[in-house]
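Input: a single structure, listed below in C-alpha coordinates.
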Amino acid sequence: MTPEMKAFGGRRVSGARKVSVRAAANIAFVKYWGAREVAAGLPFNSSISMTLSRCTSHCTAEFDPEADRDEVYEAGERGELRPPPAGWTAPVLAHLDRIRRWAGVQGAFRIATRNSFPAGAGLASSASGFAALTVAAAGATARDADPADLSDLARQSGSGSAARSVLGGYVEWPADLGEVEAGRAPARRLHGPRHWDLRDVVALVETGPKAVSSREGHERVPTSPYFEARLALLPARLDGARRAVENKDFDALRTVLEEEAVDLHFLAMTARPPFFYWTPATLEVVGAVRDLGASGVDAAWTMDAGANVHVICSASAERPVVERLRTLSGVRSLIRDRVGPGPVETDDHLL
Ligand code: PMV
(Lines give C-alpha, C1' and ligand atoms only; values in the text may rest on other atoms or scores of the structure.)
Protein backbone atom coordinates (compact mmCIF):
# COMPACT_ATOMS: atom_id res chain seq x y z
CA MET A 1 0.00 0.00 0.00
CA THR A 2 1.43 3.38 -0.94
CA PRO A 3 1.67 6.21 1.61
CA GLU A 4 -1.06 8.17 -0.20
CA MET A 5 -3.45 5.24 0.03
CA LYS A 6 -2.84 5.07 3.76
CA ALA A 7 -3.44 8.80 4.08
CA PHE A 8 -6.97 8.54 2.73
CA GLY A 9 -7.85 5.19 4.22
CA GLY A 10 -6.47 2.89 1.56
CA ARG A 11 -9.29 0.48 2.15
CA ARG A 12 -11.62 -1.29 -0.16
CA VAL A 13 -14.73 0.74 0.35
CA SER A 14 -17.08 -2.10 -0.59
CA GLY A 15 -20.38 -1.65 1.19
CA ALA A 16 -19.56 1.92 2.22
CA ARG A 17 -21.99 4.53 0.96
CA LYS A 18 -20.80 7.71 2.62
CA VAL A 19 -17.21 8.90 2.51
CA SER A 20 -15.80 12.21 3.77
CA VAL A 21 -12.40 13.51 2.76
CA ARG A 22 -10.29 16.58 3.41
CA ALA A 23 -7.91 17.49 0.60
CA ALA A 24 -5.53 20.44 0.54
CA ALA A 25 -4.64 23.00 -2.08
CA ASN A 26 -1.19 22.87 -3.58
CA ILE A 27 1.30 25.53 -4.61
CA ALA A 28 3.12 24.97 -7.87
CA PHE A 29 6.88 25.51 -7.99
CA VAL A 30 6.78 24.93 -11.77
CA LYS A 31 3.38 25.99 -13.07
CA TYR A 32 0.76 24.34 -15.24
CA TRP A 33 0.04 27.33 -17.47
CA GLY A 34 -1.52 26.84 -20.89
CA ALA A 35 -3.64 23.81 -21.74
CA ARG A 36 -3.64 21.55 -24.77
CA GLU A 37 -7.24 20.78 -23.92
CA VAL A 38 -8.57 22.89 -21.12
CA ALA A 39 -11.80 20.96 -20.50
CA ALA A 40 -9.87 17.73 -20.01
CA GLY A 41 -7.07 19.34 -17.98
CA LEU A 42 -4.40 18.25 -20.46
CA PRO A 43 -1.28 20.41 -20.03
CA PHE A 44 1.43 21.55 -22.44
CA ASN A 45 4.10 21.18 -19.79
CA SER A 46 4.97 19.18 -16.70
CA SER A 47 4.51 20.89 -13.35
CA ILE A 48 5.89 20.37 -9.83
CA SER A 49 4.12 21.36 -6.63
CA MET A 50 3.95 21.07 -2.88
CA THR A 51 0.68 19.88 -1.38
CA LEU A 52 -0.37 22.04 1.57
CA SER A 53 -2.09 21.01 4.80
CA ARG A 54 -4.31 23.81 6.13
CA CYS A 55 -5.96 25.29 3.03
CA THR A 56 -8.38 22.41 2.63
CA SER A 57 -11.66 21.44 1.02
CA HIS A 58 -13.83 19.08 3.03
CA CYS A 59 -16.22 16.94 0.98
CA THR A 60 -18.82 14.36 1.95
CA ALA A 61 -20.11 12.11 -0.83
CA GLU A 62 -23.03 9.79 -0.31
CA PHE A 63 -23.83 7.31 -3.06
CA ASP A 64 -27.27 5.74 -3.27
CA PRO A 65 -27.73 3.07 -5.98
CA GLU A 66 -31.53 3.58 -5.78
CA ALA A 67 -31.49 7.37 -6.30
CA ASP A 68 -31.66 8.98 -9.73
CA ARG A 69 -30.76 12.66 -9.25
CA ASP A 70 -27.48 14.13 -7.98
CA GLU A 71 -27.66 16.83 -5.31
CA VAL A 72 -24.83 19.26 -4.61
CA TYR A 73 -24.60 21.56 -1.58
CA GLU A 74 -22.20 23.90 0.11
CA ALA A 75 -22.04 23.29 3.87
CA GLY A 76 -22.10 26.44 5.99
CA GLU A 77 -20.30 27.08 9.28
CA ARG A 78 -23.12 25.63 11.40
CA GLY A 79 -23.65 22.65 9.15
CA GLU A 80 -26.53 24.21 7.19
CA LEU A 81 -26.73 23.12 3.56
CA ARG A 82 -27.16 25.76 0.86
CA PRO A 83 -26.80 25.94 -2.92
CA PRO A 84 -23.15 26.00 -3.99
CA PRO A 85 -21.53 29.15 -5.44
CA ALA A 86 -22.46 30.06 -9.03
CA GLY A 87 -20.30 28.27 -11.55
CA TRP A 88 -19.56 25.33 -9.25
CA THR A 89 -22.67 23.14 -9.77
CA ALA A 90 -22.31 22.40 -13.50
CA PRO A 91 -18.67 21.19 -13.38
CA VAL A 92 -19.40 19.18 -10.23
CA LEU A 93 -22.40 17.45 -11.86
CA ALA A 94 -20.31 16.70 -14.96
CA HIS A 95 -17.57 15.26 -12.76
CA LEU A 96 -20.04 13.06 -10.86
CA ASP A 97 -21.20 11.64 -14.21
CA ARG A 98 -17.59 10.90 -15.08
CA ILE A 99 -17.03 9.16 -11.74
CA ARG A 100 -20.20 7.09 -12.23
CA ARG A 101 -18.97 5.96 -15.67
CA TRP A 102 -15.50 5.23 -14.32
CA ALA A 103 -16.96 3.14 -11.49
CA GLY A 104 -19.50 1.44 -13.79
CA VAL A 105 -22.35 2.07 -11.35
CA GLN A 106 -25.88 3.40 -11.53
CA GLY A 107 -27.39 5.60 -8.87
CA ALA A 108 -26.94 9.15 -7.62
CA PHE A 109 -24.70 11.16 -5.33
CA ARG A 110 -25.43 13.67 -2.60
CA ILE A 111 -22.47 15.97 -2.15
CA ALA A 112 -21.65 18.61 0.45
CA THR A 113 -18.43 20.63 0.45
CA ARG A 114 -16.83 23.32 2.54
CA ASN A 115 -13.57 25.24 2.07
CA SER A 116 -11.31 26.39 4.88
CA PHE A 117 -10.08 29.35 2.82
CA PRO A 118 -11.43 31.91 0.30
CA ALA A 119 -12.43 30.36 -3.03
CA GLY A 120 -11.50 31.90 -6.37
CA ALA A 121 -8.67 34.09 -5.11
CA GLY A 122 -5.76 32.32 -6.75
CA LEU A 123 -5.38 29.87 -3.89
CA ALA A 124 -6.16 26.71 -5.87
CA SER A 125 -9.55 26.13 -4.25
CA SER A 126 -10.60 24.22 -7.37
CA ALA A 127 -7.60 21.89 -6.95
CA SER A 128 -8.48 21.00 -3.36
CA GLY A 129 -12.22 20.99 -4.15
CA PHE A 130 -11.97 18.55 -7.04
CA ALA A 131 -9.35 16.41 -5.28
CA ALA A 132 -11.64 16.05 -2.24
CA LEU A 133 -14.70 15.45 -4.45
CA THR A 134 -12.92 12.83 -6.56
CA VAL A 135 -11.51 10.85 -3.64
CA ALA A 136 -14.77 11.01 -1.64
CA ALA A 137 -17.13 10.21 -4.54
CA ALA A 138 -14.89 7.48 -5.97
CA GLY A 139 -14.68 6.01 -2.45
CA ALA A 140 -18.46 6.11 -2.08
CA THR A 141 -18.90 4.02 -5.25
CA ALA A 142 -16.76 1.29 -3.65
CA ARG A 143 -14.62 0.82 -6.77
CA ASP A 144 -11.01 0.05 -5.93
CA ALA A 145 -8.57 2.71 -7.11
CA ASP A 146 -4.93 3.50 -6.68
CA PRO A 147 -3.61 7.08 -6.32
CA ALA A 148 -2.72 7.28 -10.03
CA ASP A 149 -6.30 6.36 -11.04
CA LEU A 150 -7.69 8.98 -8.67
CA SER A 151 -5.18 11.60 -9.79
CA ASP A 152 -6.05 11.03 -13.44
CA LEU A 153 -9.75 11.12 -12.63
CA ALA A 154 -9.34 14.40 -10.68
CA ARG A 155 -7.45 15.93 -13.62
CA GLN A 156 -10.41 15.25 -15.93
CA SER A 157 -12.53 17.63 -13.82
CA GLY A 158 -10.94 20.41 -15.89
CA SER A 159 -9.04 21.69 -12.85
CA GLY A 160 -5.83 20.01 -13.93
CA SER A 161 -3.93 20.94 -10.78
CA ALA A 162 -6.41 18.78 -8.81
CA ALA A 163 -4.37 15.85 -10.18
CA ARG A 164 -1.53 17.02 -7.91
CA SER A 165 -3.68 17.59 -4.79
CA VAL A 166 -4.68 13.90 -4.80
CA LEU A 167 -1.11 13.17 -3.68
CA GLY A 168 0.77 14.44 -0.64
CA GLY A 169 4.21 15.96 -0.19
CA TYR A 170 6.13 17.00 -3.31
CA VAL A 171 4.41 16.06 -6.54
CA GLU A 172 5.19 16.07 -10.25
CA TRP A 173 2.48 16.05 -12.87
CA PRO A 174 4.27 14.94 -16.04
CA ALA A 175 3.05 16.12 -19.42
CA ASP A 176 4.43 13.08 -21.18
CA LEU A 177 3.22 13.53 -24.73
CA GLY A 178 2.52 9.85 -25.31
CA GLU A 179 0.39 9.63 -22.21
CA VAL A 180 -1.32 12.95 -22.79
CA GLU A 181 -2.21 11.91 -26.35
CA ALA A 182 -3.53 8.60 -25.04
CA GLY A 183 -5.78 10.71 -22.77
CA ARG A 184 -4.16 9.70 -19.48
CA ALA A 185 -2.05 12.05 -17.35
CA PRO A 186 -1.85 11.23 -13.63
CA ALA A 187 0.51 13.02 -11.24
CA ARG A 188 3.11 11.11 -9.22
CA ARG A 189 4.74 11.71 -5.89
CA LEU A 190 8.39 12.80 -5.82
CA HIS A 191 8.85 12.88 -2.02
CA GLY A 192 6.70 12.52 1.06
CA PRO A 193 5.89 15.51 3.30
CA ARG A 194 8.58 14.59 5.85
CA HIS A 195 11.31 14.92 3.25
CA TRP A 196 11.53 18.72 3.68
CA ASP A 197 9.58 20.84 6.16
CA LEU A 198 8.77 23.79 3.90
CA ARG A 199 6.25 26.43 4.91
CA ASP A 200 3.97 28.57 2.76
CA VAL A 201 2.95 31.89 4.27
CA VAL A 202 0.24 33.24 1.99
CA ALA A 203 -0.02 37.04 1.98
CA LEU A 204 -3.62 37.84 1.12
CA VAL A 205 -3.81 41.16 -0.65
CA GLU A 206 -7.11 40.37 -2.46
CA THR A 207 -9.81 37.95 -1.36
CA GLY A 208 -12.46 38.55 -4.01
CA PRO A 209 -12.77 36.43 -7.13
CA LYS A 210 -10.14 37.20 -9.76
CA ALA A 211 -11.06 38.95 -12.99
CA VAL A 212 -9.72 36.20 -15.28
CA SER A 213 -10.19 32.59 -14.20
CA SER A 214 -7.27 30.19 -14.52
CA ARG A 215 -9.36 28.28 -17.04
CA GLU A 216 -9.51 31.35 -19.27
CA GLY A 217 -5.83 31.96 -18.59
CA HIS A 218 -4.96 28.46 -19.86
CA GLU A 219 -6.80 29.23 -23.08
CA ARG A 220 -5.25 32.66 -23.56
CA VAL A 221 -1.57 32.32 -22.66
CA PRO A 222 -0.63 30.21 -25.72
CA THR A 223 -1.34 33.39 -27.74
CA SER A 224 1.63 35.13 -26.08
CA PRO A 225 4.60 35.43 -28.47
CA TYR A 226 6.73 34.25 -25.51
CA PHE A 227 4.77 31.05 -24.82
CA GLU A 228 7.09 28.81 -26.86
CA ALA A 229 10.14 30.48 -25.28
CA ARG A 230 8.98 29.41 -21.81
CA LEU A 231 8.29 25.87 -23.01
CA ALA A 232 11.85 25.71 -24.34
CA LEU A 233 13.25 26.77 -20.95
CA LEU A 234 11.17 24.29 -18.97
CA PRO A 235 13.13 21.02 -19.26
CA ALA A 236 16.13 22.62 -17.51
CA ARG A 237 13.89 24.41 -15.01
CA LEU A 238 11.99 21.23 -14.14
CA ASP A 239 15.28 19.49 -13.65
CA GLY A 240 16.40 22.34 -11.39
CA ALA A 241 13.19 22.05 -9.36
CA ARG A 242 13.53 18.27 -8.98
CA ARG A 243 17.14 18.62 -7.86
CA ALA A 244 16.42 21.54 -5.51
CA VAL A 245 13.71 19.52 -3.74
CA GLU A 246 15.76 16.32 -3.73
CA ASN A 247 18.79 18.10 -2.20
CA LYS A 248 16.74 20.50 -0.04
CA ASP A 249 18.67 23.33 -1.67
CA PHE A 250 16.72 26.49 -0.84
CA ASP A 251 18.75 28.88 -3.01
CA ALA A 252 18.22 26.66 -6.06
CA LEU A 253 14.51 26.43 -5.25
CA ARG A 254 14.28 30.23 -4.96
CA THR A 255 15.61 30.63 -8.50
CA VAL A 256 12.97 28.28 -9.91
CA LEU A 257 10.13 29.78 -7.86
CA GLU A 258 10.79 33.35 -8.84
CA GLU A 259 11.47 32.60 -12.52
CA GLU A 260 8.23 30.66 -12.75
CA ALA A 261 6.14 33.29 -10.98
CA VAL A 262 7.52 36.00 -13.27
CA ASP A 263 6.91 33.88 -16.38
CA LEU A 264 3.35 33.05 -15.39
CA HIS A 265 2.47 36.73 -15.12
CA PHE A 266 4.62 37.77 -18.07
CA LEU A 267 2.69 35.35 -20.32
CA ALA A 268 -0.57 36.76 -18.98
CA MET A 269 0.55 40.33 -19.63
CA THR A 270 1.69 39.48 -23.17
CA ALA A 271 -1.29 37.30 -24.15
CA ARG A 272 -3.73 38.54 -26.77
CA PRO A 273 -5.66 40.21 -25.24
CA PRO A 274 -3.42 40.76 -22.19
CA PHE A 275 -4.55 40.33 -18.59
CA PHE A 276 -3.10 41.46 -15.27
CA TYR A 277 -3.32 40.09 -11.74
CA TRP A 278 -0.68 42.14 -9.90
CA THR A 279 -1.67 45.02 -7.64
CA PRO A 280 0.58 47.56 -5.86
CA ALA A 281 0.28 45.40 -2.72
CA THR A 282 1.61 42.39 -4.66
CA LEU A 283 4.79 44.33 -5.43
CA GLU A 284 5.07 45.52 -1.84
CA VAL A 285 5.15 41.87 -0.69
CA VAL A 286 7.56 40.80 -3.43
CA GLY A 287 9.95 43.63 -2.48
CA ALA A 288 9.85 42.70 1.21
CA VAL A 289 10.52 39.01 0.47
CA ARG A 290 13.42 39.87 -1.80
CA ASP A 291 14.89 42.01 1.02
CA LEU A 292 14.52 39.10 3.44
CA GLY A 293 16.24 36.78 0.96
CA ALA A 294 19.10 39.26 0.47
CA SER A 295 19.61 39.34 4.25
CA GLY A 296 20.05 35.56 4.38
CA VAL A 297 16.52 34.40 5.28
CA ASP A 298 15.40 31.28 3.41
CA ALA A 299 12.32 32.90 1.89
CA ALA A 300 11.17 33.14 -1.72
CA TRP A 301 7.97 34.31 -3.35
CA THR A 302 5.71 32.74 -5.91
CA MET A 303 2.18 33.38 -7.15
CA ASP A 304 -0.62 31.59 -8.92
CA ALA A 305 -3.21 33.20 -11.17
CA GLY A 306 -4.14 35.98 -8.76
CA ALA A 307 -2.73 38.91 -6.80
CA ASN A 308 -1.85 37.00 -3.61
CA VAL A 309 1.73 36.06 -2.86
CA HIS A 310 2.89 32.71 -1.52
CA VAL A 311 6.06 33.04 0.52
CA ILE A 312 7.80 29.69 0.56
CA CYS A 313 10.27 29.42 3.42
CA SER A 314 12.13 27.05 5.68
CA ALA A 315 10.72 26.26 9.14
CA SER A 316 13.19 28.58 10.86
CA ALA A 317 12.42 31.42 8.45
CA GLU A 318 8.67 31.34 9.07
CA ARG A 319 8.74 33.68 12.08
CA PRO A 320 10.83 36.45 10.44
CA VAL A 321 8.66 36.15 7.32
CA VAL A 322 5.43 36.51 9.31
CA GLU A 323 6.83 39.43 11.32
CA ARG A 324 7.90 41.28 8.18
CA LEU A 325 4.66 40.63 6.26
CA ARG A 326 2.60 41.91 9.22
CA THR A 327 4.24 45.32 8.84
CA LEU A 328 3.05 45.76 5.23
CA SER A 329 0.06 48.04 4.70
CA GLY A 330 -1.27 46.14 1.67
CA VAL A 331 -1.45 42.74 3.40
CA ARG A 332 -4.97 42.06 4.69
CA SER A 333 -4.21 38.78 6.40
CA LEU A 334 -1.85 35.83 6.40
CA ILE A 335 -2.48 32.13 6.04
CA ARG A 336 0.30 30.04 7.55
CA ASP A 337 0.46 26.73 5.77
CA ARG A 338 3.00 23.96 5.28
CA VAL A 339 3.67 20.84 3.28
CA GLY A 340 1.01 18.22 3.95
CA PRO A 341 0.13 14.53 3.62
CA GLY A 342 -2.47 14.58 0.83
CA PRO A 343 -6.17 13.67 1.13
CA VAL A 344 -7.26 12.30 4.49
CA GLU A 345 -10.48 10.45 5.16
CA THR A 346 -12.50 11.70 8.12
CA ASP A 347 -15.60 10.64 10.11
CA ASP A 348 -16.67 14.27 10.24
CA HIS A 349 -19.56 14.02 7.75
CA LEU A 350 -21.19 17.12 6.27
CA LEU A 351 -24.36 15.19 5.34
O1 PMV B 1 -5.83 23.56 -12.26
P2 PMV B 1 -6.26 24.87 -12.79
O3 PMV B 1 -6.94 24.72 -14.11
O4 PMV B 1 -7.04 25.66 -11.79
O5 PMV B 1 -4.94 25.70 -13.12
C6 PMV B 1 -3.99 26.07 -12.16
C7 PMV B 1 -3.05 27.05 -12.76
C8 PMV B 1 -2.07 27.70 -11.81
O9 PMV B 1 -2.55 27.71 -10.49
C10 PMV B 1 -1.87 29.13 -12.28
C11 PMV B 1 -0.71 27.01 -11.86
C12 PMV B 1 -0.61 25.66 -11.20
O13 PMV B 1 0.13 24.82 -11.72
O14 PMV B 1 -1.23 25.44 -10.14
Side-chain angles (χ1 to χ4, degrees), residues 23-52 55 57 87-88 91-92 94-95 115 117-134 151-167 170-175 185-187 190 200 202 206 209-222 224 227 230-231 234 237-238 241 256-257 259-269 271 275-278 282 301-310 312 337:
N26 66 80
I27 177 68
F29 296 167
V30 177
K31 315 288 181 183
Y32 158 42
W33 199 219
R36 268 174 212 285
E37 235 184 274
V38 75
L42 287 175
F44 273 104
N45 66 275
S46 303
S47 52
I48 292 180
S49 60
M50 169 172 104
T51 300
L52 300 174
C55 288
S57 297
W88 177 240
V92 169
H95 199 51
N115 276 350
F117 61 108
L123 293 180
S125 59
S126 59
S128 56
F130 278 110
L133 175 70
T134 303
S151 172
D152 194 51
L153 197 53
R155 181 268 303 169
Q156 294 171 52
S157 67
S159 171
S161 59
R164 299 189 311 241
S165 272
V166 166
L167 306 170
Y170 298 89
V171 177
E172 176 158 4
W173 181 27
L190 294 174
D200 179 6
V202 190
E206 290 278 329
K210 54 201 178 202
V212 176
S213 66
S214 50
R215 185 190 173 95
E216 203 178 328
H218 287 305
E219 278 168 348
R220 254 202 247 173
V221 289
S224 162
F227 185 71
R230 171 172 177 266
L231 290 184
L234 277 181
R237 202 176 276 169
L238 284 158
V256 171
L257 285 173
E259 284 177 359
E260 270 298 273
V262 169
D263 275 10
L264 185 151
H265 291 271
F266 181 64
L267 292 186
M269 293 175 197
F275 53 110
F276 299 81
Y277 293 114
W278 294 44
T282 304
W301 63 278
T302 186
M303 295 169 68
D304 275 347
N308 298 317
V309 185
H310 292 249
I312 308 298
D337 213 329

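Treat the numbers as computed from the prediction; the structure is a model and nothing was measured. Read the numbers this way: they start at 1 and go in the same order the structure lists the ligands and their atoms.
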Atoms in ligand 1 with a heavy atom of Ala28 nearer than 4.0 Å | 12 (C), 13 (O), 14 (O)

Salt bridge between Glu259 and Arg230, side-chain N to carboxylate O under 4.0 Å?
-> no

Intermediate values then yes/no, ring pair (Phe, Tyr, Trp, His ring centres under 6.0 Å), Trp33 and His218 = CA-CA 6 Å; Trp33 199 219; His218 287 305; 5.4 Å; yes

Atoms of ligand 1 less than 4.0 Å from Leu264 heavy atoms?
-> 10 (C)

Answer with side chain, backbone, both or neither: which part of Arg215 has a heavy atom less than 4.0 angstrom from an atom of ligand 1?
-> neither

Atoms of ligand 1 less than 4.0 Å from Ser161 heavy atoms?
-> 1 (O), 2 (P), 4 (O), 6 (C), 14 (O)

Please name the pair of heavy atoms, one in Ala132 and one in Ala23, separated by the smallest distance, quoted to 0.1 Å.
-> N-CB, 3.6 Å

Arg36 side chain vs Pro43 backbone, donor-acceptor pair below 3.5 Å | yes

Closest heavy-atom pair, Ala305 versus Ser214, reported as atoms and distance to 0.1 Å, is CB-CB, 4.2 Å

Going by the 4.0 angstrom heavy-atom rule, the piece of Val38 near ligand 1 is neither

May I ask you to list the atoms of ligand 1 that are less than 4.0 angstrom from any heavy atom of Arg164?
-> 12 (C), 13 (O), 14 (O)

Can you list the steps and then say if Tyr277 with Asp304 is a side chain to side chain contact (heavy atoms under 4.5 Å, CB included)?
-> CA-CA 9 Å; Tyr277 293 114; Asp304 275 347; over 6 Å; no

Taking atom types as modelled, find out whether Asn26 and Thr51 have a side-chain donor-acceptor pair closer than 3.5 angstrom.
-> no

Would you mind listing which atoms of ligand 1 come within a distance below 4.0 Å of any non-hydrogen atom of Lys31?
-> 13 (O)

N/O to N/O below 3.5 Å, does that happen between Gly160 and ligand 1?
-> yes

Would you call the rings of Trp173 and Tyr32 parallel, tilted or perpendicular, where under 30° means parallel and over 60° means perpendicular?
-> perpendicular

So Phe130 and His95, would you call those rings parallel, tilted or perpendicular, with 30° and 60° as cut-offs?
-> perpendicular

His218 heavy atoms, cut-off 4.0 Å: which ligand 1 atoms fall inside?
-> 2 (P), 3 (O), 5 (O), 6 (C), 7 (C)

At the 4.0 Å heavy-atom cut-off, does Ser159 count as touching ligand 1?
-> yes

Could you tell me whether some N/O pair between Ser47 and ligand 1 is separated by less than 3.5 angstrom?
-> no

With heavy atoms and a 4.0 Å threshold, my read on which part of Ser126 contacts ligand 1 is side chain

Would you say Tyr32 has any N or O atom under 3.5 Å from an N or O of ligand 1, going by distance alone?
-> yes

